[in-house]
Amino acid sequence: MSPQAQPLTVAVVGATGVVGRTMIQILSERSFPVGELRLLASGRSAGKTVSAGGQTLTVGEAVSEAFEGVDIALFSAGTDVSRQLAPEAAKRGATVIDNSNAWRMEPSVPLIVSQVNPEDGEWHEGIVANPNCSTMQLVPVLMALRDKVGLERVVVDTYQSVSGTGAEALAELESQVRAHVAGEPKTAGVYPHPIAFNVIPEIDIFLDNGYSREEWKIVTESRKILHLPDLRVSCTAVRVPVFVSHSEAVHVETGKPISPEEARVAFAAVPGVVVMDDPENHAYPIATQAAGRDEIFVGRVRTDPSVERGLAFWVVSDNLRKGAATNAVEIAEVLLERGWVAARSRRGGAAA
Ligand SMILES: NC(=O)c1ccc[n+]([C@@H]2O[C@H](COP(=O)([O-])OP(=O)(O)OC[C@H]3O[C@@H](n4cnc5c(N)ncnc54)[C@H](OP(=O)(O)O)[C@@H]3O)[C@@H](O)[C@H]2O)c1
């Protein structure tokens with residue numbers, strides 16, 4: 001960030017959660033110009049302390065008044081909290097970068113992946129949405145194909161880690177692994193079945209069309225971010241017993257033909273995307289190697305011979321970092337660099 005940047009008052013809502021804690025860490029790692037850091041969570045956590053950037057900070061309760069004087073509020077406390085408190089924060093002049101599903105598909109709310117559609121930040125009216133973690137790692141790679149040869153159809157199957165569900169799910173996988181080793185029964189609480197040594201094709205609720213809501217988020221959010229409202233997308237979202245990082249098998253039909261070699265070059269040209277594709281030497285993206293990193297890793301790029309102009313590949317990224325916290329902080333950086341921290345109407349522009 002520019003050294004002249006004015007320090008901002010930044011609130012993190014959900015500061016005790018896995019994403020909230022990662023947000024605090026990333027603000028510090030990227031030297032985001034934070035003057036005051038306000039940590040907020042539920043009333044249950046009020047008064048607890050959290051260490052951030054060498055300081056010990058006390059967590060406050062997320063209530064409307066807590067947003068007085070806040071410039072940027074990073075929300076990561078679930079959809080209900082965002083629905084209730086994001087408008088309260090925005091009313092008080094804060095710009096909310098919201099990590100939940102509450103506002104993503106609102107036409108008046110930009111939905112941004114930092115290296116794909118940062119320009120959409122210009123028209124925000126106090127709330128900017130951060131996409132779902134599975135969408136996040138997919139769209140920068142799809143953008144490369146959209147721009148080079150056009151996109152006709154996308155089929156994606158996800159292998160999603162338990163940290164995508166939050167702190168309780170991490171603890172549940174750990175305790176089920178321990179129970180298995182001890183020869184004890186595995187008790188499921190967070191998921192409908194034990195997740196240890198299992199694969200569960202159910203993420204979020206099921207919709208009337210037979211898809212899960214997680215699958216449908218990938219369909220609708222990808223279209224919005226890529227500005228391709230008619231893109232044909234299908235998805236199966238699956239939870240796997242991995243602690244951190246989501247993996248995705250992607251099959252694409254492009255508008256014009258593209259070879260795997262050309263696709264690798266196009267993918268590698270996207271900021272934050274790393275091509276790792278040497279299968280002979282067992283080099284391809286894997287979850288444990290992507291964990292703790294900000295990049296989106298792509299490999300196993302090959303022609304899909306089952307359709308005309310088909311391409312298949314494998315995409316892996318840390319769902320807590322690029323899939324959630326890193327992109328949220330990158331959006332804040334875009335807003336700051338381009339003078340868009342305040343809502344467009346407060347900047348003297350027309351309302352979106
Ligand atoms: N995990 C991911 O990879 C990921 C990716 C993208 C988006 N998200 C979204 O990020 C959000 C949080 O996810 P997480 O994984 O961090 O969950 P988590 O580990 O379960 O943490 C939830 C956080 O929300 C807070 N919270 C709960 N109820 C609250 C309330 N009524 N008022 C204020 N704060 C409240 C909790 O505070 P207490 O400790 O006080 O209960 C905690 O800080 C969810 O909307 C999720 O969909 C997660």
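Whatever order the structure lists ligands and atoms in, that order sets their numbers, starting from 1.
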Inset, instruction - Could you pull out every protein residue that has a heavy atom closer than 4.0 Å to ligand 1, ordered by chain and then number? - result: Gly14, Ala15, Thr16, Gly17, Val18, Val19, Ala41, Ser42, Arg44, Ser45, Ala62, Ser76, Ala77, Gly78, Val81, Asn99, Ser100, Cys133, Ser163, Gly164, Gly166, Ala167, Asn319, Leu320, Gly323, Ala324
Legend entry - Trp314 and Tyr159 aromatic ring geometry - parallel, tilted or perpendicular at 30°/60° bounds: perpendicular
Legend entry - Arg338 side, atom CZ; Glu122 side, atom CD - distance, nearest 0.5 Å: 10.0 Å
Legend entry - Arg38/Glu36 salt bridge by N-O under 4.0 Å criterion: yes
Inset, instruction - Could you tell me whether Glu88 and Lys91 make a salt bridge, using a distance below 4.0 angstrom between a side-chain N and a carboxylate O? - result: yes
Give the table of side-chain donor-acceptor pairs shorter than 3.5 Å for residues 301-309, with sequence neighbours excluded, one pair per line with atom names and distance.
{"residue": "Arg302", "atom": "NH1", "partner": "Arg300", "partner atom": "O", "Å": "2.7"}
{"residue": "Asp304", "atom": "OD1", "partner": "Ser306", "partner atom": "N", "Å": "2.9"}
{"residue": "Asp304", "atom": "OD1", "partner": "Ser306", "partner atom": "OG", "Å": "2.6"}
{"residue": "Asp304", "atom": "OD2", "partner": "Ser306", "partner atom": "OG", "Å": "3.4"}
{"residue": "Arg309", "atom": "NE", "partner": "Thr254", "partner atom": "O", "Å": "2.8"}
{"residue": "Arg309", "atom": "NE", "partner": "Gly255", "partner atom": "O", "Å": "3.0"}

Inset, instruction - For residues Phe297 and Phe267, establish whether the separation of their ring centroids is below 6.0 Å. - result: no
